[in-house]
Amino acid sequence: MSSQWTPGRRAVVKGLGAAALTAGIGVSARRAHAADLVVGFIYVGPKDDYGYNQAHAEGAAACKSMAGVKLVEEENVAETLDVQKTMESMINLDKATLLFPTSFGYFDPHMLKVAEKYPKIQFRHAGGLWNEGKHPKNTGSYFGYIGMGQYLNGIVAGHTTKSKKLGFVAAKPIPQVLLNINSFTMGARAVDPAIRTQVIFTGEWSLPVKEAEATNTLADQGIDVVTCHVDGPKVVVETAERRGMMTCGYHANQAKLAPKGYLTGAEWNWANVYKSFIEAAQKGAPFGNFVRGGLAEGFIKTSPYGPAVGETARKHADSVKAEIMKGGYAVIKGPLKDNKGKDLIAAGTAYVETAIELESMNYLVEGVIGSI
Amino acid sequence: MSDALGLWGVPLAVASGAIRVGTPFLFVSIGECLTEKSGRINLGLEGTLVLGAATGYAVSLHSGSPWIGVLAAGLVGALFGALHGYLCKLPRVNDIALGIAMMLLGMGLAFFFGKPYIQPSAPMLPSISLGFWSESPQIRAALEVNALFFVGVACAAALWWAFASTRAGLVVRIVGDSADAARAMGYPVDLVRFLATAAGGFLAGLGGAYLSLYYPGSWNERISSGQGLMAVALVIFAHWSPPRCLVAALLFGGAGALGPALQAVGVSEGYYLFYAAPYVLTLLVMAVTVTPGRQLAGAPGELSVQK
C-alpha cells in the first residue's frame with residue numbers, strides 16, 4: 001500500500017463525541033425497565049444438549065413466569081475470559097443484579113474476579129466450593145447431592161447387569177465426577193460385591209467423537225450397563241443403545257434416546273433452587289452463600305424406570321430411595337478402601353450426603369477400574 | 001456380549017476407530033488437497049464441516065432420507081466453497097484471512113439455524129456389515145462400515161489418478177504451480193480455482209454429514225471439535241497426495257481411538273498423554289520428513305504461504 005490512513009485530531013474528536021452520544025441514548029433507553037429484577041444465566045454449552053446445560057436452562061425457564069423478573073441468557077460461553085466479558089455485559093448493559101454462571105470452570109478465577117469489581121451484584125455458582133473468609137460476600141454456590149441419584153442408578157445397574165461389568169464415561173477427574181463414579185459403583189456393589197466399574201476419562205466436558213469411541217470400546221470389553229458424567233449424555237446413550245447396552249441417565253431424562261436400554265437416571269431439578277434465590281432477591285432477603293440439597297429437598301430427582309428394569313431392582317432402589325428421603329443417609333462410609341488397596345475411611349466413620357469432605361474427593365473406591 | 005476381548009480390544013478399537021473416526025478427516029483433507037493443488041488455501045473447511053453436519057441432519061430429519069441429507073450437506077459445502085472461490089478472485093483478498101472469516105461464518109450459521117435440531121433424532125445412514133463371517137459381536141460391530149467411507153476412498157483414488165494422468169488434473173496442477181504459465185497457455189486461472197474450491201467444499205460438506213448422520217451420529221454445536229482444522233493440517237502432513245491423505249486420515253482416526261481403548265483395558269495412567277498422540281505424531285513426522293532450505297515435496301508453488 002502506498003499511503004496509510006491515520007486518524008487525524010478532528011476525526012478522533014468527532015468519533016468520541018458520537019460514541020458518547022450513542023452511549024447516552026443507550027443508557028437512558030434501558031433505564032425505563034429498571035424496575036424488573038434482571039437475572040442472568042450463563043451456560044457453557046447449548047441449552048438443549050439433553051444434559052447439564054439443559055437441566056439449568058429448564059430451571060431458568062421455570063422462573064420466566066415469575067412476576068417482575070426478566071431473564072437474560074447466554075449459551076456456549078467458554079470457561080475463559082469470555083465469561084468475564086459476558087458477566088460484565090450482563091451487569092452493565094442489561095442491568096442484571098443476580099447472576100448464575102452455571103459451569104464448573106467459571107468459579108475461580110472468573111466469577112470471583114468480576115464479583116470483587118461489582119460488590120452490589122449477587123453471584124451464585126453451580127457446584128463451586130464457596131468458602132467464608134476466602135471468597136467475596138456477594139458470591140456463593142449451590143449444588144445438589146446428585147451422587148445419591150448415581151447410587152440409585154448403581155443399584156438398578158447392579159441388578160440388571162449380566163456380565164458384572166459396568167462402564168462409566170467421565171469428563172474430568174474433579175470431586176463431583178469422582179463422587180458420582182464412586183457412588184454408582186458402591187450402589188452396584190451393594191447388590192453384588194463382584195461387580196466392577198470400568199471408567200474412561202475423555203478429558204473434556206463435551207467431545208462427541210471421543211465419547212462415542214469410549215462407549216464403543218466399553219462395549220467391546222463386554223460391559224453391558226453404562227452411565228456417564230459429561231455435559232451432553234446424548235452421544236453416550238445413543239451409542240450404547242446401538243451397541244445393545246443398557247444405560248443409566250445423567251443430568252436430564254434421556255429415556256427418549258434409548259427406548260429399550262434406558263434403566264433410570266439421576267436428574268437435576270433446578271427450578272426450585274432458582275425460584276427460591278429469585279424470591280429472596282425480590283424481597284431483599286439475605287441470600288444463602290452455600291446452598292445444598294438432595295432428593296428430599298427437591299434439588300434432584302430420578303427418571304422413571306425403563307422397561308428393562310426388573311421387579312427386584314425396582315423394589316431395592318425404591319426402598320433405598322425412601323431411606324435417603326429421610327435424610328442422613330451415607331453412601332461413603334468405612335471401612336472403605338480405594339482401588340489401589342489403600343485404606344481410606346476407618347470403620348465407624350460415615351460421610352452423609354451433606355458432608356463437606358465429599359466435595360473435595362480425590363480417590364476412586366475399590367471396585368472402580370481406572371485412575372485419576 | 002458376555003465375553004470380553006481383553007487386550008485384543010486395543011488393536012480392534014484402533015483399527016475400527018481408524019475408519020469410524022478417520023472418515024471425516026478423509027473427506028476434508030482430500031477436499032482441501034484439491035483446493036490447495038489449484039493454488040488456494042481454504043481454511044474455512046472447519047466451518048463447512050460444521051455447516052454440513054447441521055444441514056445433513058436437518059434435511060435428513062425433514063425428508064426422512066439420510067442420503068438426501070448427505071447430498072444437501074455436500075451442496076451447501078459446495079456453495080460455501082464457491083463463495084470462497086469467488087471472493088478470493090477479487091483484488092487484494094487474502095485467501096487465508098477470508099478462510100478464517102468463512103470458518104466463523106459457517107459455524108455461526110450452523111449454530112443459528114441448527115438450534116432447533118439438537119433435540120430431535122434424525123434417520124441415520126445405514127452401515128454395511130462386513131463382519132457377517134465372524135461369531136464375535138465385537139468384530140461384527142467393528143466391521144460395520146459406512147458406505148461414505150468407501151466413497152471417500154474412491155474419491156481419493158480418483159483424485160490421485162486424475163492428478164497423475166488426466167488433462168483436467170494437469171490443468172489444476174499448472175494453475176497451482178504457476179498462474180503465469182497457466183495464463184500464457186490460455187487456461188482460465190480464476191475459473192479453475194473457483195471450481196476446485198467449490199469441489200473441495202462439497203467434499204468437506206459430505207464429511208460433515210458423516211459426523212451428524214453416522215458417527216457419532218448426532219448434531220450439536222461441539223460435534224466437530226476442531227476436526228476440520230486438523231484435516232487442513234493433514235494435507236501438509238500428506239504432502240498434497242490424495243493416497244497419503246487417506247493414510248494420514250486413518251492414522252489420526254486410529255490414534256484418536258487409542259486413548260479410550262487403553263483405559264478400557266486398564267492402562268489408565270497418563271491418559272492425557274495418549275490423547276495428545278495424534279499431535280505428537282504430526283510433530284514427529286514433520287520433523288523427520290522436513291528438508292531444511294527446501295520446499296516440501298509436492299507443495300503447489302502458488303500457495304500464498306509459499307510466496
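Values below: every heavy atom of this structure, side chains too, minus hydrogens, waters and symmetry copies.
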Indicate whether any N or O donor in one side chain lies under 3.5 Å from an N or O acceptor in the other, for [X] and [Y].
X	Y	value
A/Asp224	A/Thr161	yes
A/Glu213	B/Tyr215	yes
A/Tyr262	A/Ser303	yes
A/Asn253	A/Tyr50	no
A/Trp268	A/His251	yes
A/Glu75	A/Asn53	no
B/Ser129	B/Glu144	yes

Relative to chain B, which of [options] shows the most heavy atom pairs under 4.5 Å?
options	result
A/Gln54, A/Lys47, A/Glu204	A/Gln54
A/Gly370, A/Gly232, A/Gly45, A/Pro46	A/Pro46
A/Lys162, A/Arg242, A/Lys164	A/Arg242

Any carboxylate oxygen within less than 4.0 angstrom of a Lys/Arg side-chain nitrogen, looking at [X] and [Y]?
X	Y	answer
B/Lys115	B/Glu221	yes
A/Glu241	A/Lys260	no
A/Lys234	A/Asp49	no
B/Glu135	B/Arg140	no

Under 4.5 Å from any heavy atom of chain B - which part of [X]:
X	answer
A/Val209	both
A/Leu257	side chain
A/Val169	neither
A/Asn216	side chain

Exercise. Do any of residues 247-261 of chain B come closer than 4.5 Å to chain A, heavy atom to heavy atom, and if so which ones, in number order?
Worked result: B/Gly256, B/Ala257, B/Pro260, B/Ala261
Exercise. Residue by residue, which of residues 224-231 of chain B have a heavy atom closer than 4.5 Å to a heavy atom belonging to chain A?
Worked result: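 Residues in range: B/Ser225, B/Gln227.
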Check the angle between the aromatic planes of [X] and [Y] and answer parallel, tilted or perpendicular using the 30° and 60° thresholds.
X	Y	answer
A/Trp205	A/His229	tilted
B/Tyr272	B/Tyr275	perpendicular
B/Tyr271	A/Phe201	parallel

Structural part of [X] lying under 4.5 Å from a heavy atom of chain A:
X	result
B/Ile139	neither
B/Leu262	neither
B/Pro120	backbone

Exercise. Can you name the one residue among A/Thr102, A/Asp231, A/Val77 that meets side-chain contact (heavy atoms from CB on, under 4.5 Å) with A/Tyr43?
Worked result: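 So the option named by the test is A/Thr102.
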For this session: Heavy-atom pairs under 4.5 Å with chain A are the metric here; pick the option from B/Gly266, B/Ser218, B/Ser16 that has the most.
Result: B/Ser218
